[in-house]
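Below you'll find the structure, written out as structure tokens, and then a few comments.
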2 protein chains.
Amino acid sequence: MVRRSGRRPGNQDTRSSILDAARSAFAEKGYDKASIRAIAAEAGVDPALVHHYFGTKDKLFLASMNAPIDPGTLIPQALRGPREEAGERLVRLVLSVWDSPAGTTALGMFRSALSNEWTARLLREFVITQVLRKAVAELALDPVEAPARAALVATQIAGLMVARYVLKLEPLPSAAPEALVAAIGPNVQRFLTEPLPAKLSAADGG
Amino acid sequence: MVRRSGRRPGNQDTRSSILDAARSAFAEKGYDKASIRAIAAEAGVDPALVHHYFGTKDKLFLASMNAPIDPGTLIPQALRGPREEAGERLVRLVLSVWDSPAGTTALGMFRSALSNEWTARLLREFVITQVLRKAVAELALDPVEAPARAALVATQIAGLMVARYVLKLEPLPSAAPEALVAAIGPNVQRFLTEPLPAKLSAADGG
DNA sequence: GTCTATAACTCGATAGAC
DNA sequence: GTCTATCGAGTTATAGAC
């Protein structure tokens with residue numbers, strides 16, 4: 001192991017336990033209700049240290065959201081394959097990500113977007129740039145229809161999130177992922193590939 | 001007109017303008033972020049008056065949610081009729097309620113449920129007692145399957161709410177209601193009447 | 001019935017000692 | 001690098017004058 005000279009970086013344990021605490025707090029409470037004081041308490045450090053490491057609460061949120069999920073590769077993977085099963089694969093991907101430990105990050109992003117303006121904007125842009133464009137390319141969607149299809153898919157996916165993870169409407173929270181894939185996948189599939197009502201694919205909204 | 005003796009009741013104008021302001025504030029911000037001060041300011045009254053009329057913030061929320069919507073009659077109306085079109089009628093009902101002035105109330109309830117534990121519970125119980133049971137009766141659903149069907153329908157409806165009214169993901173906010181009915185109705189229909197994956201209708205969630 | 005004043009808390013952020 | 005102490009701005013809710 002090479003001993004580097006110069007100043008040692010900040011204690012990595014402290015920094016990463018703050019990040020862990022932040023992720024779970026944001027996931028559980030959303031951006032607004034997650035307090036820096038509570039995050040610091042859970043991490044076992046002083047609240048001032050949080051500011052020392054991350055500056056403002058905004059930056060802490062961004063830092064805690066950045067690490068673990070890379071939709072840039074996950075989404076194309078899920079969409080690749082037989083066109084008729086893309087819907088099921090998408091639902092399966094969503095559930096596997098959200099049920100994994102890394103899913104607390106995504107849950108934090110989502111919960112925050114539901115109650116906070118700037119995080120909502122963040123999510124909107126994320127959906128558009130990271131998901132929509134990938135889907136257009138991968139599935140060769142008609143560019144005129146793509147936004148409407150993406151938004152419709154988003155209604156079903158977001159609704160699944162809300163009902164299963166936020167409202168906890170039984171039997172969704174305790175259902176096996178594959179059962180949900182079988183139940184919901186075909187609806188997503190329909191939004192992806194079935195013909196759309198003409199009025200929806202029009203550029204304007206009347 | 002009969003002149004009653006004794007003390008005059010509180011100024012009804014003041015009371016109802018507080019209620020109006022509360023409804024729109026709760027709809028716009030959700031329970032937590034809607035402040036009594038802001039509600040009082042919008043109603044043009046003193047914050048202390050809000051407490052005088054309604055007691056706590058909880059009670060003000062309940063009072064502002066109670067008046068305008070009676071799902072006990074709306075839901076059965078929407079479900080009655082040809083079974084194959086129940087999904088479309090349900091989506092149409094939801095959109096017509098939420099786009100109407102009275103819809104701000106429902107929007108408040110919904111936004112609040114997304115970020116606050118006790119209002120989420122309120123909504124859950126509302127869905128179960130006011131919507132689910134009516135649907136079971138009206139559509140003659142198998143009681144074993146009914147909770148799963150209701151929850152699945154809820155994913156699509158809640159997702160529509162979230163994407164159209166909260167995240168405002170274009171082109172949903174500016175789309176004509178009938179276009180959304182045509183696009184989404186069939187998916188709701190599928191949840192209502194198509195066969196379910198066996199695992200979902202089981203009582204447990206193992 | 002209405003409003004002023006304030007109690008009793010939360011929060012994010014900062015300054016400065018060590 | 002860490003912590004104490006504190007500022008300033010929020011919040012709900014209440015007590016009491018008029």
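Here is the naming used below: chain letters follow the sequence lines, and residue numbers restart at 1 for every chain.
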Original post:
Does B:Y53 make a side-chain N or O approach to OP1 or OP2 of C:dT2 shorter than 4.0 Å?
Top reply: yes
Subject >> Separation of C:dA13 P from A:D58 CG (nearest whole Å) >> reply: 7 Å
Original post:
Rounded to whole angstrom units, what separation is found between the CG atom of B:D46 and the C1' atom of C:dT6?
Top reply: 13 Å
**OP:** Figure out the CD1/P separation between A:I39 and C:dA13, and round it to whole Å.
**Re:** 11 Å
Original post:
Relative to the 5' end of DNA chain D, which residue comes earlier, B:S35 or A:R37, by the nucleotide with the nearest heavy atom?
Top reply: A:R37
Original post:
How close or far is atom P of C:dT10 from atom CG of A:D32, stated in whole angstroms?
Top reply: 18 Å
Original post:
How long is the line joining CG of B:L49 and P of C:dT4, in whole Å?
Top reply: 10 Å
Original post:
Is a donor on one side and an acceptor on the other found under 3.5 Å between the side chain of A:R80 and the backbone of A:A86?
Top reply: no
Original post:
Honestly, is B:K33 close enough over B:F26, meaning NZ or CZ under 6.0 Å from the six-membered ring centre and within 45° of the axis?
Top reply: no
**OP:** Find the distance B:H52:NE2 to C:dT2:P and express it as a whole number of Å.
**Re:** 7 Å
Original post:
Checking all strands, does B:A34 fall into the base, sugar-phosphate, or nothing category for heavy-atom contacts under 4.0 angstrom?
Top reply: sugar-phosphate
**OP:** Mind calculating the distance between CG (A:L60) and P (C:dC11) to the nearest angstrom?
**Re:** 15 Å
**OP:** Identify which nucleotide among D:dT4, C:dG12, D:dT14 has an atom closest to any side-chain atom of B:H51, counting heavy atoms from C-beta outward.
**Re:** D:dT14
**OP:** Give the rounded distance in Å between these two atoms: NZ of A:K33 and C1' of C:dG12.
**Re:** 18 Å
Original post:
Is there a side-chain polar atom (N or O) of B:T14 under 4.0 Å from OP1 or OP2 of C:dG1?
Top reply: no
Original post:
Can a salt bridge be assigned to the pair B:E125 and B:R121 using a cut-off of 4.0 Å between side-chain N and carboxylate O?
Top reply: yes
Original post:
Which atom names give the shortest non-hydrogen contact between A:S115 and A:D32, and what distance separates them?
Top reply: O-OD2, 3.3 Å
